[in-house]
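The structure appears right after this line, and notes come after that.
Values below: every heavy atom of this structure, side chains too, minus hydrogens, waters and symmetry copies.
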Amino acid sequence: MAAGYAELLRTRHAARLLAGTLVGRLPNATAPIAIVLLARAEGGSYTLAGGLAAVYGLANAVGQPLLGRAVDLYGQPRVQLPAAVLSALGMVLLTIAGTDPLPLAYAAVALAGVFTPPLEGGLRALWPDVLGREDRVHRAYAMDAVAQEIMFTVGPLLVTLLVALWSPAAALLVINAVGVLGALSVVLSEPSRTWRSAPREAHWLGALRSPGLLALLGSFFFVGLALGSITVAGVAYADDHGREAVYGWLMAALGLGALGGGMLYGARQWAGAPERRLRFIVALLAAGYLPLMLTPGVPAMVVLAAVSGVFLAPALACAFIVVDRHAPRGTVTEAFSWLVTTFGVGAAVGTGVAGPAVEYGGTAASFAVAAGGGVAALVVLLTTRRVLTIPVTAPLPRDSVVIPCENDRIGAAEPGFRTGHQA
C-alpha cells in the first residue's frame with residue numbers, strides 16, 4: 001500500500017508539487033479557526049467571529065472557479081502566485097486593522113477569500129503530465145485525498161500551537177507567509193511553468209456546460225452538507241456527555257477513518273467505469289452516516305465516527321476521476337475548482353442546518369441531517385446516471401480561435417484516458 005504511494009513520490013517533480021500544494025493551501029485550511037481566534041482575542045463576540053469566517057468562506061467559494069478559469073486561460077504562474085500574495089495581504093490587513101472598523105475587517109477577509117489560489121485544482125491538472133499513466137494518475141488522486149485529511153488535521157493543530165507560543169495575529173501572519181512560499185514552490189516548478197490547458201471553445205458557462213459535471217457537483221454538495229453537519233452534531237454530542245474532549249475524539253476518529261479508507265482505496269487498481277464505482281462508494285458513505293443517529297455511548301460513538309469516515313476519501317478520489325472525464329476540454333482547472341467550491345458551500349449549509357436541528361430535535365436530529373445529506377447525494381447520482389457517462393467530445397467549430405497546447409506529454413496514454421490536455 002505505502003509502496004505504491006512511495007513510487008509516485010519518487011517520480012520527478014511529484015513530491016515537490018504535492019508538498020508545495022499542501023503548504024500553499026495551509027492558509028485556506030486554517031483560516032476559519034484562525035479568524036475566529038483573532039476576533040475573540042480582539043474582544044469580538046462569537047457572532048462576529050462566525051460572521052467573519054462565513055464571509056471568508058463565501059468569498060472563497062466565489063473566487064475558486066473564477067481563478068480556476070483564469071488558470072486555464074493564462075497558465076498557472078500568472079494566476080496562482082499573484083492570487084496567493086493578494087490573499088496573504090488580505091490577512092495582513094486583518095491583523096493590522098483588527099475588528100475595528102468592522103467594514104475594513106469584513107473587506108480584509110473577503111479579499112483573502114476571493115484570491116485564495118486554486119492550487120488544489122491546479123495540482124490535479126498537472127498529475128497527468130507528471131505521472132503519465134492512467135493508473136498512476138488515479139492513485140495520485142487517492143494520495144491527494146489522503147493528504148487533504150492529514151492537512152486538515154495538522155493545520156488547526158499548528159494554528160493553536162502558534163497562538164499558544166505568540167498570538168492569533170502572529171499565527172495568521174506565519175501561516176500566510178508559509179502559504180505564499182508553498183505557492184511559489186509550485187509555480188516555479190517545470191510542470192507548472194510549462195503546463196497549458198487544452199484548446200477550448202469560448203463559452204460563458206465554461207466547465208458548467210457539462211451535464212455530467214453538474215450532476216457530480218449536485219451530489220457532492222450534499223456530501224459536503226453531511227460533513228458540515230457532523231461538525232455541529234459532534235459538538236452537541238460532546239455537550240450531552242459533559243466532556244469537551246469527546247468532540248476531539250469524534251473528529252479524530254472521522255479523520256483516521258478517511259485516512260485509512262483513502263490508503264486502502266489507492267492501494268489497488270480498479271476496473272470498470274468510475275461513475276458506477278462512485279455510486280457504490282457514495283452508497284456506502286451514506287450507509288455509514290445512518291448509525292450516527294443512534295448516538296450510543298462514547299466508545300461506540302467513536303467507532304461509528306471512524307466507520308462513517310472510511311468512504312469519504314475514496315469518494316473524493318473517485319470524484320476527481322469523474323471530473324477529469326466530464327470537464328469540457330480546456331476547463332480542467334476550473335472544473336476541479338467548482339468541485340472544491342460546491343463541497344465547501346454544502347459544508348457551510350450543513351453547518352447552518354444542523355444548528356437549528358439540535359435546538360428543535362436534539363443531537364440525534366443533527367446527525368439525521370448528515371444521514372439525509374448522504375442519502376441525497378446517492379439519489380442525485382442515481383437519478384442522473386444517464387448524463388454521468390463519458391461524453392463524446394465534439395470537434396471545435398471551424399471558426400473558433402484556440403491557443404495550441406504546448407505541454408501535451410500525455411498524448412501516448414492509454415486509449416480512453418481523458419485529461420484536460422486532449423480531446
Can a donor-acceptor pair be found, under 3.5 Å and without considering hydrogens, that links the side chain of [X] to the backbone of [Y]?
X: S308; Y: A305; result: yes
X: R16; Y: V186; result: no
X: T21; Y: L18; result: no
X: D72; Y: T333; result: yes
X: S210; Y: A207; result: no
X: T384; Y: V387; result: no
X: T194; Y: E190; result: yes
X: S337; Y: G121; result: no
X: S185; Y: L181; result: no

(request) Mind checking salt bridge (charged side-chain N to carboxylate O under 4.0 Å, His left out) for R25 and listing every partner two or more places apart, or none if nothing turns up? (result)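 With sequence neighbours excluded, R25 shows a salt bridge (charged side-chain N to carboxylate O under 4.0 Å, His left out) to E120, given in chain and number order.
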(request) Using salt bridge (charged side-chain N to carboxylate O under 4.0 Å, His left out) as the criterion, list what pairs up with R193, not counting sequence neighbours. (result)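 For R193 there are no salt bridge (charged side-chain N to carboxylate O under 4.0 Å, His left out) partners, ignoring immediate neighbours.
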(message) Could you tell me if the side chain of L227 sits less than 4.5 Å from the side chain of F343, heavy atoms only?
(response)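 Yes, side chains in contact.
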(message) Give me each pair satisfying side-chain hydrogen bond (donor to acceptor under 3.5 Å, both in side chains) with a member in residues 78-93, each pair once, sequence neighbours excluded.
(response)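 For residues 78-93, and leaving out neighbouring residues, there are no side-chain hydrogen bond (donor to acceptor under 3.5 Å, both in side chains) pairs at all.
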(message) Does anything in residues 372-382 form a side-chain hydrogen bond (donor to acceptor under 3.5 Å, both in side chains)? List the pairs, not counting sequence neighbours.
(response)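 For residues 372-382: none.
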Which atom pair, heavy atoms only, marks the closest approach of [X] to [Y]?
X: G373; Y: F222; value: O-CB, 3.3 Å
X: A215; Y: L388; value: CB-CG, 4.1 Å
X: I35; Y: A53; value: CG2-N, 3.9 Å

If you look only at distance, which donor and acceptor atoms sit under 3.5 Å apart when one is on a side chain in residues 353-364 and the other is two or more places apart or in another chain?
unit_1, atom_1, unit_2, atom_2, d
T363, OG1, D240, OD2, 2.4

Holding to side-chain contact (heavy atoms from CB on, under 4.5 Å), I want the full list of residues that pass it with [X], two or more places apart in sequence or in another chain.
X: A306; result: A253
X: A70; result: Y74, V79
X: L158; result: L26, L162, I175

(request) Going by the side-chain contact (heavy atoms from CB on, under 4.5 Å) test, name the single residue among D129, L81, V71, V187 that passes it with S192. (result)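 Only match with S192 under side-chain contact (heavy atoms from CB on, under 4.5 Å): V187.
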(request) Have a look at I230 and tell me which of L250, L225, L254 forms a side-chain contact (heavy atoms from CB on, under 4.5 Å) with it. (result)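 Running side-chain contact (heavy atoms from CB on, under 4.5 Å) over L250, L225, L254 with I230 returns exactly one hit, L254.
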(message) Between L119 and L22, is the side-chain contact (heavy atoms from CB on, under 4.5 Å) condition met? List the steps.
(response) CA-CA 8 Å; L119 292 167; L22 291 176; over 6 Å; no
In residues 276-303, what donor-acceptor pairs under 3.5 Å come from side-chain atoms, sequence neighbours left out?
unit_1, atom_1, unit_2, atom_2, d
R277, NE, Y265, OH, 3.1

(message) Under the rule for side-chain hydrogen bond (donor to acceptor under 3.5 Å, both in side chains), what residues qualify as partners of T11, not counting sequence neighbours?
(response)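 Only R136 meet the side-chain hydrogen bond (donor to acceptor under 3.5 Å, both in side chains) criterion with T11.
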(request) For R139 and W127, run side-chain contact (heavy atoms from CB on, under 4.5 Å): C-alpha distance rounded to whole Å, both residues' side-chain angles, the deciding distance at 0.1 Å, then the answer. (result) CA-CA 10 Å; R139 180 168 291 171; W127 280 138; over 6 Å; no
(message) What I want to check is whether the side chains of H138 and Q269 have a donor and an acceptor closer together than 3.5 Å.
(response)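 H138 vs Q269: no donor-acceptor pair found between side chains.
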(message) With a 4.0 Å cut-off on N to O distance, would you call R124 and D324 a salt bridge?
(response)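 Judged by the 4.0 Å cut-off on N to carboxylate O distance, R124 and D324 do not form a salt bridge.
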Return a table of donor-acceptor pairs under 3.5 angstrom between the side chains of residues 102-115 and protein atoms on other chains or two or more places apart.
none

Taking distance alone, no hydrogens or angles, what donor-acceptor pairs closer than 3.5 Å link side-chain atoms of residues 57-67 to residues at least two apart or in another chain?
unit_1, atom_1, unit_2, atom_2, d
N60, ND2, T116, OG1, 3.2
Q64, NE2, T116, O, 2.6

